[in-house]
2 protein chains.
Amino acid sequence: MDREATLHDVAGKVGVSPRTVSRVVNDEGGYSPETRKKVLAAIEELRYRPNMVARALITKRSGTVGLVGGDMTDPFFPALAEGIQHRAREAGQTMFFASTGSDPDRQAEVLRSFWARAVDGVIVFPALDSIDQLTDYGRRGLPIVVVDDLVEAPNVACVLFDLPEGGRLAAQHLLSAGRRRMGVISATVSPPRRRHRERGFVAALTEADGDHLPAVIAEADPTVRGGEAGFAELLSLMPDLDGIFAYNDLVAIGAMRAAAASGRRVPEDIAVVGCDDIEMSTYITPALTTIRLDRGRLSNEAVAALHDLIDAPAQRRQPVVLPVELVARESA
Amino acid sequence: MDREATLHDVAGKVGVSPRTVSRVVNDEGGYSPETRKKVLAAIEELRYRPNMVARALITKRSGTVGLVGGDMTDPFFPALAEGIQHRAREAGQTMFFASTGSDPDRQAEVLRSFWARAVDGVIVFPALDSIDQLTDYGRRGLPIVVVDDLVEAPNVACVLFDLPEGGRLAAQHLLSAGRRRMGVISATVSPPRRRHRERGFVAALTEADGDHLPAVIAEADPTVRGGEAGFAELLSLMPDLDGIFAYNDLVAIGAMRAAAASGRRVPEDIAVVGCDDIEMSTYITPALTTIRLDRGRLSNEAVAALHDLIDAPAQRRQPVVLPVELVARESA
DNA sequence: CTGAAAGCGCTTACAG
DNA sequence: CTGAAAGCGCTTACAG
């Protein structure tokens, strides 16, 4: 438990200046092969590792990226966090993680903490009403990738799924299965301006049949529990409901459970379409028909966009829109 | 996008020394109320935030904890990460996360990266054969909480579930349901020395009926796929198998799927007990009987143990063993 | 090819 | 109650 070796220690051991050791550590060139060899040997012997904290203090780069999520226990999230962490590490970066529970105050706290620790950039699943925060940090120079929302500001890039198309696909699938009395379960954590899947769904219904097709909307937590509650609400609005589009797969699963509990069969009486395509959806009975969002793709695009932003901060860029697809299984 | 305000800027604005500003920022006392008020006002006006990087360089404390996991996509993990992150934030710390895929080389890389970034401590789900690494970092002064394994070293504390008891409970449950031809599916990522649940299971069988009760063991990946393969292997070893204890719930779900695919009914023909109690287990059909591991409790204990270690490094402590319970549902 | 000096933004003894 | 000085472990101009 002695002190860790420093650049200075290595220099002393070899008999060169710290500047020279710094050169070889960072592969800058400008030293003889012998010098290099001796320095490397000393580094090995002293187990020298560059102190990233000291380096960060000068360079303003800490080799870290921050991931700001809503809630790690949302099954949509882990694969994403894993992918981002993986990509970041390939670039020599370490990942911070913090969740906000969609609360803007907690998001502010998280951003402040990340900023004070000199993160190179952040990937954010924005909390409710937090665009101003993000714009502000972007202006102050923090590279930000926003997922699933549009914000225009310096140093901010956006990556999103084509959720309107997802809603449309769900509607078409339900319609072609002969469903005519539809309900959608939206999420309380999703502000009106971000309800793209719902809008796509309703738009497709309208296109299909003028505005004569009724559609009721319920709001719920984005959980299985929420889905159960949402189903009850939908039913109270439209007792002869025969098709449901759910905010996500968890909600869809909740809706199916509530349907079963009320004596209705899925898909015979009520067809259900989810969104996300989490692993569980293939294992439940009936297996869930859903809109697949490719999380691996999202991880890659988000990290790529972030590195882009870090390398060329000035340049503005277009939002990246990721395609979605409908996966037909048993529930619809 | 100007430069951020520093202690020096605040001092200049108020007309005091940086030392004085530092005092009020850190609530050290030793300043007049008026000075304090003026400093606070200047901080507000300049939007001053302490630079944690600079602070860390001196104090050797960065206000960060590292979580080193196997794989975020293991459904056991997210709730844990969420809990740890939550507790850490309550203590003013930010969480690093990296996964190792149970690969010791990747774990070494992760630990090196965390160490170079001056983490205050780490919570580790150890990769295969990586005790030496952990012992080494402990000796060098890194506070480490090891989950689910026993390692004796300075600065290392251990938190584990009572897995032998879990195995015992599973065996007793299966026995009392009249099962006599048992199989266990173990995980390839779990080294022999860490197979406590399996040992507990076999021990209970032996106690119950001398050593006449046969039990076959298969090895598989800790996934649904793995469970399917494990079931096939078990069946080839013992065609009239009637009870299975699986490494975790994912494996149990895989085994149930394979059983159904082979025309066997669960639990009538084969009873299945899992381990972990992930959310999915309550939603599949039949609902899974399993050994519940309380992840919230684990998060709390791990973070508490880490803070203990940070506050009183010298002191050795006993491993913390967390109780487990069997949750009887439909599969056994 | 190599090094002396300054400094990143703080805290830590120490003196008054 | 307050401040001048040194230094954490590096990198960044700059000079030779």
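Both backbone and side-chain heavy atoms feed into the values below; hydrogens, waters and symmetry mates do not. Lettering follows sequence order; numbering is per chain, from 1. As the structure is a prediction and not an experimental result, all values here were calculated from the model.
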For D:dG3, does the base pair up with any side-chain atom of B:R23 as donor and acceptor (N or O, under 3.5 Å, distance only)?
yes
Which nucleotide in the list [options] gets nearest to the side chain of [X]?
X: A:L57; options: D:dT11, D:dT2, C:dC8; result: C:dC8
X: A:S17; options: C:dC1, D:dC8, C:dG3; result: C:dG3
X: B:S22; options: C:dT11, C:dC10, D:dC10; result: C:dT11
X: A:T35; options: C:dC10, C:dT2, D:dC1; result: C:dT2

If you look at every strand shown and take non-hydrogen atoms under 4.0 Å, does A:R49 touch a base, only sugar-phosphate, or nothing?
sugar-phosphate
SB check [X] [Y] (cutoff 4.0 Å):
X: B:K37; Y: B:E34; result: no
X: A:E82; Y: A:R295; result: no
X: A:K13; Y: A:D9; result: no
X: B:E90; Y: B:R87; result: yes

Interatomic distance, [X] [atom1] vs [N] [atom2] [rounded to whole Å]:
X: A:M52; N: C:dC8; atom1: CE; atom2: P; result: 21 Å
X: B:L7; N: D:dG7; atom1: CG; atom2: P; result: 19 Å
X: A:I43; N: D:dG9; atom1: CD1; atom2: P; result: 16 Å
X: B:N51; N: C:dC8; atom1: CG; atom2: C1'; result: 9 Å
X: B:H8; N: C:dA6; atom1: NE2; atom2: P; result: 16 Å
X: B:E28; N: C:dC10; atom1: CD; atom2: P; result: 14 Å
X: A:I58; N: C:dG9; atom1: CD1; atom2: C1'; result: 11 Å
X: B:R117; N: D:dG9; atom1: CZ; atom2: C1'; result: 15 Å

Within the structure, does a side-chain N or O atom of [X] lie under 4.0 Å from either OP1 or OP2 of [N]?
X: B:T20; N: D:dT2; result: no
X: B:K60; N: C:dT11; result: no
X: B:T59; N: C:dT12; result: no
X: A:N26; N: D:dT11; result: yes

Start at the 5' end of DNA chain D and walk down; is the nucleotide closest to B:P18 or to A:A5 reached first?
B:P18
B:S99 side chain to B:M72 main-chain N or O, any donor-acceptor pair under 3.5 Å?
no
Do B:R117 and A:T94 get their side chains close enough for a donor-acceptor pair, meaning under 3.5 Å?
yes
Is D:dA13 paired to anything, Watson-Crick or G-U wobble with both distances less than 3.5 Å, and if yes, which nucleotide?
none
Nearest-nucleotide check on DNA chain C, B:R19 vs A:V16; residue mapping nearer the 5' end is A:V16
